[in-house]
Amino acid sequence: MSTESGAALDAEPRGHRLVQGPRGLPLLGSLPRFGKDPLAFFERLRGYGDMVSWRFGRNDCVFVADPTCIGELLTETERTFDQPLLGIAFRTVMGNGVVVARGSDWRRKRSLVQPSVRPKQVKSYASTMTACAVELADGWSGGERVDIKREMAALTQKIAVRTIFGVDTPADAESMGRAMDIAQQEIGKEFSGLGAVLPDWVPTPGRARIKKAAAVIDAEVGRVVARHRDGDGERPDLLSRLLTAVDESGAHLTDQEIRDETVTLYIGGHETTASTLVWAWYLLSRTPHALAALTEELDRVIGDRDPGIDDYAQLTYAQAVVKETLRLYPTIWLVTGIAKEGARIGGIPMPEGTRVWSSQWATHRDERWFPEPEAFRPERWDAADGDETPEYAWFPFGGGPRVCLGTRFAMVEAVLILAVLARRFELAVDPGTINPVPTLTLQPDREVMATVRAR
């Protein structure tokens, strides 16, 4: 790994010492290097030390790679760190949902959304997850060629549409899916390009595309919300729960708030799981011993039937496959916070307004926490061996008060889908390297073709 002047490389913990990172260019700072390859840039910063100063445009920034410092950033969010105001593309799609909101507004929204994704509710959605996966498996046959990226996206879209909206028509999934694909691409382009520093009022082709995509999303969500409000009786889907939720004052979520939270849940229940499953199949196809261990567990735990929520706890290797996949290819690949007055990281004061960054991609691949970090080894997560990994060395769902509300949903969904499909088939992914593209989530850079082999 190459570094710029002043960087010291070693494998030992370097303590909480702020070191000078890349100087960058006047006005732009390190934005050009970041925009060219954000993942490689964060790994380069990690080479300087555990706390590194750098500039993003004109903004003073600090990158942290030590798990203790990462934990401080995540757990102090809302008290001494603010959520950053992300780009106009991100805000156009996400609105002011629970992922974006701050302060008392965030606390109110979290209290209204959280009951919809508690373990009891996730348990009720598990049968839908399994049923949709079985429908996909029933349509596959040995020797067939499939694009795993497309197949997993269609599957998780179907699950999201059924569990969130309580509907199952192709128009819902297709129109929302196309709009979400455009949105994700444009958010990634804006975040890593000049759009990240352009004022919101500057028109660009990408911003025009994001507005059109958001209009489609708004129309679809509005249509389904109206259908729910006109319907009779209680419905078990997530949207119905949001519509009936009330805060401490007895107030419901507004129409705009319903729209924002619905989109947030859709992305969390569809985009992230689809990406995780694609990477899991890719890694399993290249790691025969891991695939053999997974199929042995499936044969032993569920045999010739399809899995259910009661099997989840026993599918420990399947869970380890998902966790190791999220280590190597975390769908959410960075977290940031804006320092408030009095903020500190690692005992070092952070001037007000400093943007503090951390990257799951860089920390998850640090050999101090994960020996042979590039290797896919689900056995790392064997509880019987004891877990000496520091807290926040692995944080694919964030952490602290703003930890992803859909963590349980995403883990259960990924494990059950993997179990349904891997029990019946092996997916032999075509040879060749597939590179990650950091958009809203971490996506493969091309189609992922595989041959379906019946077990």
List the steps, then state whether side-chain contact (heavy atoms from CB on, under 4.5 Å) holds for Trp279 with Leu328.
CA-CA 9 Å; Trp279 292 117; Leu328 283 168; over 6 Å; no

Take Val452 and Leu427, measure what side-chain contact (heavy atoms from CB on, under 4.5 Å) needs, and give me the verdict at the end.
CA-CA 5 Å; Val452 176; Leu427 296 180; 3.7 Å; yes

Are Arg446 and Asp430 close enough, and set up right, to give a salt bridge (Lys or Arg N to Asp or Glu O under 4.0 Å), and what steps lead you there?
CA-CA 12 Å; Arg446 59 179 173 83; Asp430 289 358; over 6 Å; no

side-chain contact (heavy atoms from CB on, under 4.5 Å) between Leu136 and Met152, worked out:
CA-CA 9 Å; Leu136 175 62; Met152 294 302 103; 3.9 Å; yes

Please evaluate residues Trp381 and Glu324 with respect to the criterion side-chain hydrogen bond (donor to acceptor under 3.5 Å, both in side chains), reporting the C-alpha separation (whole Å), side-chain torsions for both, the decisive distance (0.1 Å), and the verdict.
CA-CA 8 Å; Trp381 305 100; Glu324 181 71 346; 3.0 Å; yes

Test Lys323 against Arg380 for side-chain contact (heavy atoms from CB on, under 4.5 Å), laying out the working first.
CA-CA 9 Å; Lys323 291 182 72 173; Arg380 297 179 199 274; over 6 Å; no

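In the displayed structure, Asp445 atom CG is contacted under 6.0 Å by more than 12 heavy atoms of other residues, nucleotides or ligands. In the displayed structure, Arg455 atom CZ is contacted under 6.0 Å by more than 12 heavy atoms of other residues, nucleotides or ligands.
The two residues Cys69 and Val64 come nearest to each other via the heavy atoms CB-CB, 4.0 Å. The nearest pair of heavy atoms linking Tyr392 to Gly398 is CE2-O, 4.4 Å. The two residues Ile148 and Trp281 make their nearest non-hydrogen contact at CG2-CD1, 3.7 Å. Counting all heavy atoms, side chain and backbone alike, Leu242 lies closest to Leu253 at O-CD1, 3.9 Å. In this structure, Thr75 and Gly71 approach most closely via the heavy-atom pair OG1-O, 2.6 Å. Nearest approach of Met411 to Gln319, heavy atoms of both residues: CE-O, 4.2 Å.
Note that OG1 of Thr287 is 11.5 Å distant from CG of Leu294, once rounded to the nearest 0.5 Å. Atom CZ of residue Arg423 and atom OG1 of residue Thr295 lie 12.5 Å apart, to the nearest 0.5 angstrom. Atom-to-atom distance recorded for Leu291:CG and Leu283:CG is 11.5 Å, nearest 0.5 angstrom. Remark: Thr156 OG1 to Ile417 CD1 distance equals 6.5 Å, nearest 0.5 Å. The distance from the CD1 atom of Ile164 to the CD1 atom of Ile159 is 10.5 Å, given to the nearest 0.5 Å. Expressed to the nearest 0.5 Å, how far CE of Met94 lies from CD of Glu261 amounts to 8.5 Å.
The main-chain N or O of Val420 is never found under 3.5 Å from a side-chain atom of Asp306 such that the two would form a donor-acceptor pair. In terms of modelled atom types and a separation under 3.5 Å, the side chain of Trp140 and the main chain of Phe425 share no donor-acceptor contact. With hydrogens and angles ignored, the 3.5 Å screen pairs a side-chain donor or acceptor of Ser359 with a backbone N or O of Trp333. Formation of a donor-acceptor pair under 3.5 Å by the Arg162 side chain with backbone atoms of Cys132 is not found in this model. Within the 3.5 Å criterion, the main-chain N or O of Val448 finds a donor-acceptor partner in the side chain of Asp147. Checking side-chain atoms of Thr130 against main-chain N and O of Pro307 turns up a donor-acceptor pair under 3.5 Å. Within the 3.5 Å criterion, the main-chain N or O of Ile434 finds a donor-acceptor partner in the side chain of Tyr282. Under the 3.5 Å distance criterion, the side-chain polar atoms of Thr204 are matched with a main-chain donor or acceptor of Arg207. Judged by distance alone, with hydrogens and angles left aside, the side-chain atoms of Lys109 form a donor-acceptor pair with the main-chain N or O of Asn96 at under 3.5 Å. Arg241 places no side-chain N or O within donor-acceptor distance of the main-chain N or O of Ser116, the cut-off being under 3.5 Å.
The shortest distance between side-chain heavy atoms of Ser275 and Tyr329 does not fall below 4.5 Å. Residues Phe63 and Arg44 have side chains not in contact (no heavy-atom distance under 4.5 Å, counting atoms from C-beta outward). Between Asp37 and Leu39 there is a side-chain heavy-atom pair separated by less than 4.5 Å. Considering only heavy atoms from C-beta on, Phe81 stays 4.5 Å or farther from Ile338 through its side chain. Side chains of Gln360 and Ile70 form no contact here, defined as non-hydrogen atoms less than 4.5 Å apart. Within the 4.5 Å cutoff, the side chain of Ile182 has no heavy atoms near those of the Val216 side chain. Looking at Glu72 and Asp66, their side chains never come closer than 4.5 Å, going by heavy atoms from C-beta outward. Residues Asp50 and Arg368 have side chains in contact (heavy-atom distance under 4.5 Å, counting atoms from C-beta outward).
Pairs engaging residues 390-411 under the salt bridge (charged side-chain N to carboxylate O under 4.0 Å, His left out) rule: Glu78-Arg402 [sequence neighbours left out]. Here salt bridge (charged side-chain N to carboxylate O under 4.0 Å, His left out) pairs that include residues 283-292, with residues two or more places apart or in two chains, number zero. Sorted by first then second residue, the salt bridge (charged side-chain N to carboxylate O under 4.0 Å, His left out) pairs that include residues 87-102, not counting sequence neighbours, are Asp82-Arg102, Arg91-Asp200.
A perpendicular orientation is assigned to the rings of Phe395 and His364, their planes being inclined by more than 60° (bins at 30° and 60°). Ring geometry for Phe34 against Trp357 counts as perpendicular: the plane angle is over 60°, on a 0 to 90° scale with 30° as the lower cut.
Between Thr316 and Glu297, the side chains place a donor N or O and an acceptor N or O closer than 3.5 Å (distance only, hydrogens not considered).
By the 4.0 Å N-to-carboxylate-O rule, Asp255 lies too far from Arg259 to be salt-bridged with it. Ion pairing of Asp138 with Arg424 is present here, as a side-chain N (NZ or NE/NH1/NH2) and a carboxylate O approach within less than 4.0 Å. Here Glu372 pairs with Arg377 in a salt bridge; the nearest charged N to carboxylate O distance falls below 4.0 Å.
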